[in-house]
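Hydrogens, waters and symmetry mates play no part in the numbers below; they use all other heavy atoms, side chains included. Just so we're on the same page: letters track the sequence lines, and every chain starts at 1. Being a predicted model, the structure only gives us computed values, none of them experimental.
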Amino acid sequence: MCHAVPELPEVETVRGDLEARVVGRCVVRASVTGARTVRRQRPTELCAALEGRAFSAIRRKGKYLLAGLDDGAVLVVHLRMSGQLRLVPAGEHAGGTAPHTHAVLGLDDASELRFVDPRTFGELFVTSEIGPDGVPTALSGLGVDPITDGLDAARLATLLRSRHTALKAFLLDQRGVAGIGNIYADEICFAARLRPDRRTESLRPDEVSRLRDAVLDVLAAAVAHRGSTLRDERYRDLGGARGSYQDHHAVYGRAGEPCLRCATVVVGSRVAGRSAHFCPSCQS
DNA sequence: AGACAAGCCTGTACGC
DNA sequence: TGCGTACAGGCTTGTC
C-alpha cells in the first residue's frame, strides 16, 4: 500500500515546471546510460535528435509528457512507476549524479535535465510523426485527457456505454479517459459516490454526471496541490519538491480508517485485479 | 526472505 | 467465428 506513482496531476505539475524553466533552452549535450530507457529507437539516434535543438511548448497527454522541439519533433517522456525528471541548475552539479540517473540533457544555461528511474520502466523517445492534434501518432491509442480535452457528460456516457466492465477498470484504461491511475481512480469513485466495482453500463445519467464532475474536480484539486507524494517519496517535482495532495486523500491508503463523509470504516479490496479503497456506505 | 505495489504491454482463456 | 473482456505474466526494486 501507499505507492504513489506519477499520474495526470503529477505529470501536469512537472509539465508546468518544464514550461517555466526549459522553454527556449537549447540542448547542448545529450547522453543516455540506462540500458532500457530508450527502446523505440537507438539511444544515439535520440541524442542526435536532441542536440542543438531548443525546447518549444511543453504539453501533456494523459501520463505522457510531450516536449516540443524547434524542428517540430517531440521528445516524449513517460515516467511509468518510478521515473522523475529533475532540473539541476548551473552551479549545483557538485555532489555528482543521483543513483539511477539514466539520461542527462545539458542545456545552454549550464543546467541539466536529468531522468532518474530506479525501476527502469520509464522511457524516452523522440518522434517526428505528429498527428493533426499535435500528439505523436505513437500515442494515438490514448483517450480523452480530462484537463486538456475537457470531458462532457454526453461523451463520458458514450464511453461508459461502450464498455462492459467495472468502473475502476474503465477509469484505469487509458484508451477511454487518459491520465488516471490507481490512486485517483479510487479518489474519483469516492467523490462521485460510486463503488469502484459498479458496472459501467449500469450508471444512470445523474451518476454519469457525478462521475464527470468527480473526474474534473479531483484531478484539478490534485494539480492545485502539485500532486501526491506518499511515504515512498517516489514522486517529486522538477525541483525535487513534494506534492501535498496526499493529505487530501479520502480513501486511497485509508483502509480500516473512518470514512471522512460518514465515518463508516473504509474497505480495502481488489477490483479488476488492483487494490481498491472505498466506503461501503456512501458509495454505491 | 519473500510478497507486494505500481503502469503498460503481451499472450491466452473465456463468454456471449 | 469473432469480438471484447478478464486474467496472468513480465519487467523492476524499495519497502514492509
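Rounded to an integer number of Å, the gap from A:Asp117 CG to C:dG14 P is 11 Å. In this structure, A:Glu201 places its CD atom 15 Å from P of C:dG4, rounding to the nearest Å. At whole-Å resolution of the value, CG in A:Leu167 and P in C:dA6 are 12 Å apart. Note: CG (A:Leu172) to P (B:dA5) measures 14 Å, nearest angstrom. In this entry the distance linking CZ of A:Arg36 with P of C:dG10 reads 14 Å, nearest Å. Across the protein-nucleic acid pair, A:Leu160 atom CG and C:dT5 atom P stand 12 Å apart, rounded to whole Å. At whole-Å resolution of the value, CG in A:Leu139 and C1' in B:dC8 are 13 Å apart. When the P atom of C:dG10 is taken as reference, atom CD of A:Glu123 falls 21 Å away, rounded to whole Å.
Checking B:dA5, B:dC9, C:dT5 against the side-chain heavy atoms of A:Tyr64 singles out B:dC9 as nearest. For A:Arg199, whose side chain is taken as the heavy atoms from C-beta onward, the closest listed nucleotide among C:dA6, B:dA5, B:dC8 is C:dA6. Closest to the A:Arg270 side chain, of the nucleotides B:dC8, B:dA5, C:dT12, is B:dA5. You'll find that the side chain of A:His100 is closest to C:dG14, out of B:dC9, C:dG14, B:dA5. Counting only heavy atoms from C-beta on, A:Arg80 has its side chain closest to B:dC8 among B:dA5, B:dC8, C:dT5. Minimum atom distance to the side chain of A:Thr165 is reached by C:dT5, of the listed C:dT5, C:dG14, B:dC9.
Side-chain nitrogen and oxygen atoms of A:Arg119 include none within less than 4.0 Å of the OP1 or OP2 phosphate oxygen of C:dC11. Contact annotation: A:His164 side-chain N/O to C:dG4 OP1/OP2 distance is not under 4.0 Å. When the side-chain nitrogen and oxygen atoms of A:Arg163 are compared with OP1 and OP2 of C:dT5, one or more of them lie within a distance under 4.0 Å.
For the salt bridge (Lys or Arg N to Asp or Glu O under 4.0 Å) with A:Arg60, the qualifying choice from A:Glu19, A:Glu10, A:Glu12 is A:Glu12, the only one to do so.
Ring geometry, A:Tyr252 versus A:His249: the interplanar angle exceeds 60°, so the pair is classed perpendicular (tilted spans 30 to 60°). Between A:Phe115 and A:His102, the ring planes are tilted. Angles from 30° to 60° get that label.
Among the protein residues, A:Arg175 comes within range of no part of the nucleic acid, since none of its heavy atoms lies under 4.0 Å from any strand. Using a 4.0 Å heavy-atom criterion, one finds that A:Gly181 contacts the sugar-phosphate atoms exclusively. Residue A:Arg39 is classed as having no contact, given no heavy-atom separation below 4.0 Å to the nucleic acid. Within the 4.0 angstrom heavy-atom criterion, no nucleotide atom of any strand lies near A:Ser82. As judged by a 4.0 angstrom heavy-atom cut-off over every strand, A:Thr200 is placed among residues making no nucleic acid contact.
The pair A:Glu45-A:Arg42 fails the salt-bridge criterion, with no side-chain N (NZ, NE, NH1 or NH2) lying under 4.0 Å from an Asp/Glu carboxylate O.
Stacking of A:Phe121 onto the six-membered ring of C:dC11 is present: less than 5.5 angstrom between centres, less than 30° between planes.
Counting only N and O atoms by type, the side chains of A:Thr13 and A:Arg226 include no donor and acceptor under 3.5 Å apart.
At least one donor-acceptor pair under 3.5 Å links the side chain of A:Arg261 to the backbone N or O of A:Phe190.
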